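Scroll down for the structure; my scribbles are underneath it.
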There are 2 protein chains.
Amino acid sequence: MTSQPFHHGNLRAVLLERAEAVVRERGADALSLRELAREAGVSHGAPRSHFIDRQALLDALAVQGFDRLTERLRAAREAGRSFEDRFHRLARAYVGFAVDDAALMELMFSMKTTGSTPAVADAAGRMFDVLGDALAKGSTTPPHPVDGERFGLVFAAAVQGAAALVTTGRVSREQGERIVDDAASMLLRSELGARVLGGRSDAR
Amino acid sequence: MTSQPFHHGNLRAVLLERAEAVVRERGADALSLRELAREAGVSHGAPRSHFIDRQALLDALAVQGFDRLTERLRAAREAGRSFEDRFHRLARAYVGFAVDDAALMELMFSMKTTGSTPAVADAAGRMFDVLGDALAKGSTTPPHPVDGERFGLVFAAAVQGAAALVTTGRVSREQGERIVDDAASMLLRSELGARVLGGRSDAR
DNA sequence: CAACTTTCTAGACAGTGTCTAGTGTCTCCG
DNA sequence: CGGAGACACTAGACACTGTCTAGAAAGTTG
């Protein structure tokens, strides 16, 4: 444990952990495999046993990020006491994550990462599923599928956009939260929202 | 002109043009100053006279991108025949730009670019100003400043988010346009929208 | 205990951004 | 007209990167 054994033991986990810290602090561009290896006390070629590519490491980070965001969204969904409450909680959880982990968020949604591996696409899909499920569960009558999807997409866009405005420094975090609150309120009170909700505004 | 004179003459312009092509085709990460220099037929150190940094080149590209987007938004605003029409045209112009120049868009809104130079921040500011002005011009009575800003931010968020969903391949371009259309309609018919419009729904 | 697989080392290669010193070219002012 | 200074560029160097290779060490399995 003290002097390095030949086998590091959990190099993969250490690399992921340190890599995420670097991304968070200095951005994905600043991530260097060799620097990571040095910090972990292994040779510069060692990471290759666990990540064939630099991009493979970034992909793994993105998957981890999506999974963590998914978990937070799930928690927000559970904590919601009404449909509207759940709605606002989801939005805030999403924006909060985007603000706290802005660099990671940028990585997760960068073109080279998002489209690269099925694993990343799947993780992103699971995240969006939670968003969609949370909406579907709200209405007593199953929502019209088309309306439901449109509704979910507009919601996703608003939240994603608010997050982008915040992370790029265009608006403050408080403004970002107010944006999603406003957007959520508008959505719920719109015609489309009414149809999705099946005529009720406070389903449980 | 045929054989390269010592002074290239318009190296800066050529570099910008080729750099934008590279970003568009292969992403910002794939941009190499040395490769650019080779293509332009100059030595690897030549670009330094025009762009002190790799980042400086990227910043210049971002400024160019913001300016072009600003121009398109202006055109959309002029073409609009009613407030609602103008609204939809702006949204579609924004999403259209984001789709056609996805990689450039990603560069423009990346953290390292957005926050780096005043020049970039200014260019981004001008773009958002056009968005904001277009909204302010719509209402006959000057909108309540606070409501107007909230309105504009929600709009910007929706549009930006829809663009992000499209550029990351999550939804198709058609879906993206429907999202912004839906969002625009909801916004216009919301309480907040009504207040901003001063009670009218079709101001000219 | 032997075969096999995984994990790591160490060296090499091509490529990069950045810095520096020096040179060719242009412009402008006396 | 000519010289001086500003500018654009060249060429070489440096430290660094990701990736590939061959091979050694350690763990695993039969």
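Naming convention: chains lettered A, B, ... in sequence-line order (proteins, then strands); numbering from 1 in each chain. Because the structure is a prediction, the values reported are computed rather than measured.
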Report the distance from atom [atom1] of [X] to atom [atom2] of [N], rounded to the nearest whole Å.
X	N	atom1	atom2	result
B/Asp29	D/dG18	CG	P	12 Å
B/Leu15	D/dA8	CG	P	12 Å
A/Leu57	D/dT17	CG	P	15 Å
B/Asn10	C/dT25	CG	C1'	16 Å
B/Leu11	D/dC7	CG	C1'	13 Å
B/His50	D/dA8	NE2	C1'	6 Å
B/His44	C/dT18	NE2	P	12 Å
B/Arg38	C/dG17	CZ	C1'	13 Å

Is the phosphate of D/dA8, meaning OP1 or OP2, less than 4.0 Å from a side-chain N or O of B/Ser49?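 No, no such contact exists.
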Flag the pair B/Phe83 / B/Phe87 as yes when their ring centroid distance falls below 6.0 Å, and as no otherwise.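 Under 6.0 Å, so yes.
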Do A/Val166 and A/Glu177 have side chains that approach each other closer than 4.5 Å (heavy atoms only, starting at C-beta)?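 The answer is no; the side chains never approach within 4.5 Å.
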Which nucleotide in the set C/dG17, D/dT19, C/dT9 lies at the smallest distance from any side-chain heavy atom of A/Ala46?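 The listed nucleotide nearest to A/Ala46's side chain is C/dT9.
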Quick one: which of C/dT9, C/dT7, D/dG18 gets closest to the side chain of A/Val42?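 So the side chain of A/Val42 is nearest to C/dT9.
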Quick check on DNA chain C: between A/Gly45 and A/Arg34, whose nearest nucleotide comes earlier from the 5' end?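 Final value for this comparison: A/Gly45.
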Select base, sugar-phosphate, or nothing to describe what [X] touches, counting heavy atoms under 4.0 Å on all strands.
X	answer
A/Leu36	nothing
A/Ser32	sugar-phosphate
B/Arg12	nothing

Would you call [X] and [Y] a salt bridge, using N to O less than 4.0 angstrom?
X	Y	answer
B/Arg189	B/Glu84	yes
A/Glu20	A/Arg24	yes
B/Asp100	B/Arg173	yes

